[in-house]
Amino acid sequence: MRTTTLLLLLSLTGCTVSRWPQGATKSGSAGTHALAAREARDFSASAQRPAYGWKLTGSQHQAESETLASSKPSPAAIALSAEESELLRSAASAGRDESSEQVSPVVQVAAEEIADTPKLPVVPPSPAPPLLDSSEDGIERNAEADTTGKEPAAAEAASGVWNGEAQPAVLSLEDVIFSVYRSYPKLEAALSDRGIAAGDQLAASGAFDLKIKGETRNQPLGYYETYRHAIGAVQPTMNGGNVYGGYRIGRGVFEPWYKERQTNEGGELKVGAEVPFARNRRIDERRAELLRTAYGRQLVDAEIQAQLIEFVQGASYAWWMWVSAGRNYRIAERVLSLAEERTGRIRRQVEEQLVDPPVLTDNLRLVAERKAKLSETSRKLQQSAIKLSLYLRDAEGRPLVAGPELLPEFPDLLTRSQLDLEASVERALSQRPELVAYELKRQQLQVDQNEAANGLLPAIDGYVTGSQDMGEPTSKKRDKSEFELEAGLLLDVPLQRRKARGKLMAVQAKLAQLAAKQRLMRDAIAADVQSAIAALLAAIEQVEQAREAVELAEELARRERRNFELGASDLLKVTLREQYAAESAMKEVEAQLVFFLALADFRAAVGDDRMELDAMGVPCVPSVPPLCQLPK
């Protein structure tokens, strides 16, 4: 362990070992013991060497020595934690400090061997494409990598599952949102509430149905033999009264006290009307229930709009996470291609005996690690595509698993000037369905309040009835042959009226409670918009800084690869630079994901994702005007 640490120090300070001591192995303990023995044997011979009397300069032997030193196996050299990286940097600074009073025996051994090492010829470099270039979007700014034969298993399984629909060139967020509108099961379930509300509304309108009434009463045995038949109709009116009419006929011998049951031979026609003058004139129980269900139907629409905004927000989350997983997959794929391209060059150098085999072995280990990382990102991409398929569906409602070939680029970010807080809050207050729902609930309670106030009024009802017998008279007096007209007033007054006053008190308290909740909802909506805009502004700054970090990290990685090809660097440094560049690129993807998730929150906060429901739900019932158009 001590030896490994010292060798890592050498690679960072520029002091290198030209080759392994005889008998040392790459990873076994025998090599470690042999190196320790060599160190102990040569320590006495080098003890008289001045502590500051030597320094490695130039690139004469640096390429071979540093490359061989970097081939010492140490997983920490490839994937270092922050603590380990800081520790190595501190050690490197200490190793470069010429004020040190001691020199490690291993360093002295390396210095002695370098003097006898022949100069390593420089291999002409072959340019390696960068992980990222310097375009504005900061995402795979080089040409798209050819992923033929390297797509994850999810892509192969997903191909051909588009269920006969024309597969788009790339899958856009609009495609996913349209799929939610068209065939998302939860939205279909929510739309079923419209049918329920329409059914309740239609049931309430049944109080105004035209009613047909009929009867037949026969007494064939007894002293008085009578036969009576009647049929009529009653039509409730929207002013709280009724209009009625009918026909009846009474035959036989009637009791003297029931002579009104008898009619002329042709029967009797009768029409009439009932009209309220106080209670039930402006509103009654029938109209109140009709209005409540009508407002309730509109309330269902507002609740569906609120659910729809949540569905679109969830679909947006799934889509953005799928896009970011795809970008991470391609970054991992590109990093792997760099290591694989370097393998061929190092293999040629080993065959020409320009570098020792451990360098090739170390690069092969790096390739294996990056293949594992690619497999991990492939799994995450597959999982994100499966989650997206909950929202992405065909016309029949079957889930569609999007393959990597449909991955789009991240779109441009919003500018700070586009995020107007005041205008966004006003738009949210005018669009959010929660406020519409509160207003409809207030309208329902207003109906309850009017109905309760109606109970405080006295019941004063007037009626008028006209009747005319037809045919031959059944009495010599012809007392049923004249047209009869009857009018009257009915009075009903509860003196205490406690029932109506109690209902009115309860409704007024509910209205006050609802008003408080409505104010809180307005404040919450404004806070949602402010929070979303703050998150967007912070995310914009984060993306800008991440892009700058990507450019700097990629420039360092590009220079380190060139130095390695020129023999002026080692594999460890190249690996670290490439790792930092890849991490910076993935952090940029993460920053963009944060921004676009915040954008989805912003769209939900202002209520942009809504849908016209009139063409999708149950049609308006035209039998009663309030069912189609409510009074304002």
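Numbers for residues simply follow the sequence, beginning at 1.
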- Got a sec, which residues hit salt bridge (Lys or Arg N to Asp or Glu O under 4.0 Å) with E265, two or more places apart in sequence or on another chain?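 E265 satisfies salt bridge (Lys or Arg N to Asp or Glu O under 4.0 Å) with R251 only.
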
Give me the atom names and distance for the closest heavy-atom approach of [X] to [Y].
{"X": "V401", "Y": "S389", "value": "CG2-CB, 4.1 Å"}
{"X": "A428", "Y": "I525", "value": "CB-CG2, 3.7 Å"}
{"X": "A526", "Y": "V425", "value": "CB-CG1, 4.0 Å"}
{"X": "K211", "Y": "P236", "value": "NZ-CG, 3.7 Å"}
{"X": "G607", "Y": "Q431", "value": "O-NE2, 3.3 Å"}
{"X": "Q235", "Y": "F208", "value": "NE2-O, 2.9 Å"}

Taking the side chain as C-beta and beyond, is there a heavy-atom pair between [X] and [Y] under 4.5 Å?
{"X": "R427", "Y": "D608", "value": "yes"}
{"X": "E486", "Y": "S467", "value": "no"}
{"X": "R282", "Y": "N450", "value": "no"}
{"X": "S183", "Y": "D394", "value": "no"}
{"X": "L173", "Y": "F596", "value": "no"}
{"X": "L299", "Y": "Q444", "value": "yes"}
{"X": "N328", "Y": "K380", "value": "no"}
{"X": "L490", "Y": "D492", "value": "no"}

- Task: For E303 and D193, run side-chain contact (heavy atoms from CB on, under 4.5 Å): C-alpha distance rounded to whole Å, both residues' side-chain angles, the deciding distance at 0.1 Å, then the answer.
- Result: CA-CA 10 Å; E303 291 173 348; D193 290 339; 5.7 Å; no

- Query: Can you list every pair that meets side-chain hydrogen bond (donor to acceptor under 3.5 Å, both in side chains) and has a residue in residues 502-525, with sequence neighbours left out?
  - Reply: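 For residues 502-525: none.
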
- Message: By the side-chain hydrogen bond (donor to acceptor under 3.5 Å, both in side chains) test, which pairs, at least two apart or in different chains, include something from residues 212-226?
- Response: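 Pairs touching residues 212-226 that pass the test: E215-R217, T216-N218, T216-H229, E225-Y227.
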
Once side chain to side chain donor-acceptor pair (under 3.5 Å) is applied, do any residues pair with [X], and if so which ones, sequence neighbours excluded?
{"X": "R501", "answer": "none"}
{"X": "E426", "answer": "none"}
{"X": "Y244", "answer": "T465"}
{"X": "N239", "answer": "T237"}

When rounded to the nearest 0.5 angstrom, what is the spacing between [atom1] in [X] and [atom2] in [Y]?
{"X": "I249", "Y": "R228", "atom1": "CD1", "atom2": "CZ", "answer": "13.0 Å"}
{"X": "E260", "Y": "W257", "atom1": "CD", "atom2": "CH2", "answer": "11.5 Å"}
{"X": "L514", "Y": "Y438", "atom1": "CG", "atom2": "OH", "answer": "7.0 Å"}
{"X": "D528", "Y": "R432", "atom1": "CG", "atom2": "CZ", "answer": "5.5 Å"}
{"X": "Y295", "Y": "R442", "atom1": "OH", "atom2": "CZ", "answer": "8.5 Å"}
{"X": "E274", "Y": "N242", "atom1": "CD", "atom2": "CG", "answer": "5.0 Å"}

Donor-acceptor contacts, no H, no angles, side chain residues 529-541, under 3.5 Å, sequence neighbours left out:
unit_1, atom_1, unit_2, atom_2, d
E541, OE1, R416, NH2, 3.3
E541, OE2, Q545, NE2, 3.1

- Task: Identify, with sequence neighbours excluded, every residue that meets side chain to side chain contact (heavy atoms under 4.5 Å, CB included) alongside D209.
- Result: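 In terms of side chain to side chain contact (heavy atoms under 4.5 Å, CB included), with neighbours along the sequence ignored, D209 is linked to no residue.
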
- Quick one: list whatever passes side chain to side chain contact (heavy atoms under 4.5 Å, CB included) with K480, sequence neighbours left out.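 K480: side chain to side chain contact (heavy atoms under 4.5 Å, CB included) contacts with Q262, N264, D469.
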
For the backbone of [Y] and the side chain of [X], can you confirm whether one donor and one acceptor N or O come within less than 3.5 Å of each other?
{"X": "R297", "Y": "D200", "result": "no"}
{"X": "Q298", "Y": "A437", "result": "no"}
{"X": "T293", "Y": "G296", "result": "no"}

Donor-acceptor pairs are to be reported for all side-chain atoms of residues 453-462 against protein atoms at under 3.5 Å, with residues two or more places apart or in another chain.
unit_1, atom_1, unit_2, atom_2, d
N454, OD1, N280, N, 2.7
N454, ND2, N280, OD1, 3.0
N454, ND2, I283, O, 3.4

Are more than 12 heavy atoms from other residues, nucleotides or ligands located less than 6.0 Å from atom [atom1] of [X]?
{"X": "K259", "atom1": "NZ", "result": "yes"}
{"X": "E482", "atom1": "CD", "result": "no"}
{"X": "E285", "atom1": "CD", "result": "no"}
{"X": "E472", "atom1": "CD", "result": "no"}

- Would you check, one step at a time, whether the test side-chain contact (heavy atoms from CB on, under 4.5 Å) holds for R327 with E409? CA-CA 8 Å; R327 307 318 299 164; E409 298 288 346; 3.4 Å; yes

Donor-acceptor list for residues 307-322 side chains, cut-off 3.5 Å, not counting sequence neighbours:
unit_1, atom_1, unit_2, atom_2, d
Q313, NE2, D601, OD1, 2.7
S316, OG, V312, O, 2.8
Y317, OH, D601, OD1, 2.3
Y317, OH, D601, OD2, 3.1
W319, NE1, L171, O, 3.2

- Before giving the answer on side-chain contact (heavy atoms from CB on, under 4.5 Å), spell out for V589 and L593 the whole-Å C-alpha distance, their side-chain angles and the decisive distance to 0.1 Å. CA-CA 6 Å; V589 172; L593 175 61; 5.5 Å; no

- Query: So which of R292, R287, Q446 actually passes side chain to side chain donor-acceptor pair (under 3.5 Å) with E451?
  - Reply: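 Considering R292, R287, Q446, a side chain to side chain donor-acceptor pair (under 3.5 Å) with E451 is found only for R292.
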
